[in-house]
Amino acid sequence: MNAQQNMAIRQELSAQQQVIVVIAALTATGNIDSLKKQFNAGLTVNQINELLIQQAYRQKLLLSYP
């Protein structure tokens with residue numbers, strides 16, 4: 001994906017959706033320090049909890065496949 005395509009995708013996402021993508025990526029990579037900074041980026045505590053729960057569930061499903 002080139003920079004122009006990347007920018008077009010970013011413009012299509014709302015600010016909250018962009019934060020969700022960042023939190024999901026940081027969680028997947030285990031970047032805890034950067035992850036903590038995103039907790040004050042516009043999502044509620046309940047939205048962050050739901051995101052983390054869904055991500056953990058999907059990770060469990062991926063690990064259960066042979």
Side-chain angles (χ1 to χ4, degrees):
M1 177 179 303
N2 64 32
Q4 188 176 13
Q5 290 171 324
N6 191 13
M7 190 58 137
I9 291 172
R10 284 186 191 171
Q11 290 174 349
E12 293 177 13
L13 297 176
S14 70
Q16 283 189 333
Q17 290 170 327
Q18 289 179 27
V19 172
I20 289 170
V21 170
V22 171
I23 289 175
L26 293 172
T27 303
T29 59
N31 193 337
I32 303 301
D33 293 331
S34 295
L35 180 62
K36 289 178 183 177
K37 295 175 186 174
Q38 295 300 317
F39 289 161
N40 295 322
L43 296 179
T44 66
V45 172
N46 288 337
Q47 289 171 319
I48 293 170
N49 285 341
E50 183 66 25
L51 172 63
L52 296 175
I53 290 168
Q54 288 183 19
Q55 192 168 8
Y57 176 74
R58 288 184 178 96
Q59 182 65 29
K60 183 179 178 182
L61 286 178
L62 289 174
L63 292 175
S64 67
Y65 286 113

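Keep in mind that what you see is a predicted model, and the values were worked out from it rather than measured. Every heavy atom of this structure was used, including side-chain atoms; hydrogens, water molecules and symmetry mates were not.
- Taking hydrophobic clusters as Ile, Leu, Val, Met, Phe, Trp and Tyr residues chained together by side-chain heavy-atom distances below 4.5 Å, Leu43 does not share a cluster with Val21.
- Nearest approach of Leu26 to Gln38, heavy atoms of both residues: CD1-CG, 3.8 Å.
- Both Ile20 and Ile32 are part of a single hydrophobic cluster, where members link through side-chain heavy atoms under 4.5 Å apart.
- Distance check, rounded to the nearest 0.5 Å: CD of Gln18 to CG of Leu13 gives 5.5 Å.
- Side-chain contact check for Leu52 versus Ile23: some heavy-atom pair is nearer than 4.5 Å.
- Remark: Asn49 pairs with no residue by the side-chain hydrogen bond (donor to acceptor under 3.5 Å, both in side chains) rule, at least two apart or across chains.
- In this view, Gln47 and Thr44 satisfy the side-chain hydrogen bond (donor to acceptor under 3.5 Å, both in side chains) rule, not counting sequence neighbours.
- Considering CG of Leu51 and CG of Asn46, their distance stands at 12.5 Å, rounded to 0.5 Å.
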